[in-house]
Amino acid sequence: MGFSISTPALLFSAISLLILAYTNKFLALASLIRQKIEQYEINHDLNILMQINNFQLRLRVIKYTQVFGVISFLFCVISMFLIFVDKFLPAEISFGISLVTMFISLLLSLQEIFISIGALNIELNRIKEK
């Protein structure tokens with residue numbers, strides 16, 4: 001199997017969709033954080049404070065998820081450019097780095113999912129207490 005410009009081009013579109021999904025997740029979380037802060041300012045509920053602490057952790061993970069996604073995107077573009085200028089070995093190395101950083105981004109995304117489940121468990125425990 002030959003290494004051509006279509007190889008990183010396939011990853012290029014996948015990374016674009018992932019970054020869009022990560023951005024949507026970030027925007028939804030930002031909206032939720034604003035709501036919870038307003039709720040906390042009204043009644044100073046400990047469960048809301050636990051949610052806010054959970055959100056801080058999720059934001060950090062989402063930030064690094066996006067960072068590694070963008071790095072993957074950049075190395076994918078570099079790989080396509082290097083193929084374009086007939087530098088195949090550096091292009092393959094760049095593509096490999098792109099794959100590794102995408103893998104890290106996906107692992108971080110998975111971690112964020114587990115953290116968000118923790119946030120939902122806080123909400124469920126609050127309902128059980130009532």
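What you see below is based on every heavy atom in this structure, not just the backbone, and it leaves out hydrogens, waters and symmetry mates. These numbers were taken from a predicted model, which means no experiment stands behind them. Residues take their numbers from the sequence shown, with the count starting at 1.
- Hydrophobic cluster membership is shared by Val77 and Ile83, with clusters built from Ile, Leu, Val, Met, Phe, Trp and Tyr side chains linked at under 4.5 angstrom.
- Atom OG1 of Thr101 and atom CD1 of Ile97 lie 8.0 Å apart (nearest 0.5 Å).
- The same ILVMFWY cluster, assembled from side-chain heavy atoms under 4.5 Å apart, contains both Leu49 and Phe55.
- Contact record, Ser94 with Leu82: CB-CD1, 4.3 Å, taken as the closest heavy-atom pair.
- In this structure, Ser116 and Lys25 have side chains that are not in contact, with every pair of non-hydrogen atoms separated by 4.5 Å or more.
- Hydrophobic clustering keeps Phe103 apart from Val61 (ILVMFWY residues linked when any side-chain heavy atoms are closer than 4.5 Å, directly or through intermediates).
- Across Thr65 and Ser109, no two heavy atoms sit closer than the pair OG1-N, 3.6 Å.
- Between Ile33 and Ile52, the closest side-chain pair of non-hydrogen atoms is not below 4.5 Å.
- Residue Phe95 is grouped with residue Leu18 when hydrophobic side chains (ILVMFWY) are merged at heavy-atom distances under 4.5 angstrom, including chains of intermediate members.
- Residues Leu99 and Ile19 share a hydrophobic cluster, clusters being chains of Ile/Leu/Val/Met/Phe/Trp/Tyr side chains in contact below 4.5 Å.
- Proximity of a side-chain donor or acceptor of Asn54 to a complementary backbone N or O of Gly118 within less than 3.5 Å is not detected.
- Rounding to the nearest 0.5 Å gives a distance of 12.5 Å between CZ of Arg60 and CG of Leu108.
- A donor-acceptor contact under 3.5 angstrom links the side chains of Ser105 and Tyr22, judged on distance only.
- Put simply, the residue from Asn43, Ile42, Asn53 that forms a side-chain contact (heavy atoms from CB on, under 4.5 Å) with Ile48 is Asn43.
- With rounding to the nearest 0.5 Å, the separation of OG in Ser79 from CD in Glu92 is 8.0 Å.
- Atom CD1 of residue Ile62 and atom CG of residue Leu27 lie 9.5 Å apart, to the nearest 0.5 angstrom.
- A distance of 7.5 Å separates CG of Leu120 from CD of Gln51, quoted to the nearest 0.5 Å.
- The aromatic rings of Tyr40 and His44 lie perpendicular to each other, with more than 60° between the two planes, well past the 30° mark.
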**Request:** Output, in order, the C-alpha distance, side-chain angles, deciding distance and verdict of side chain to side chain contact (heavy atoms under 4.5 Å, CB included) for Gln66 and Phe26.
**Result:** CA-CA 9 Å; Gln66 289 178 322; Phe26 170 78; 4.0 Å; yes
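- With hydrogens and angles left out, the side-chain atoms of Ser72 and Ser98 include a donor and acceptor closer than 3.5 Å.
- Between the CG atom in Leu32 and the CD1 atom in Ile37 there is a gap of 10.0 Å [rounded to 0.5 Å].
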**Prompt:** Please walk me through it: do Asp45 and Gln39 pass side chain to side chain contact (heavy atoms under 4.5 Å, CB included)?
**Reply:** CA-CA 8 Å; Asp45 183 1; Gln39 289 175 3; over 6 Å; no
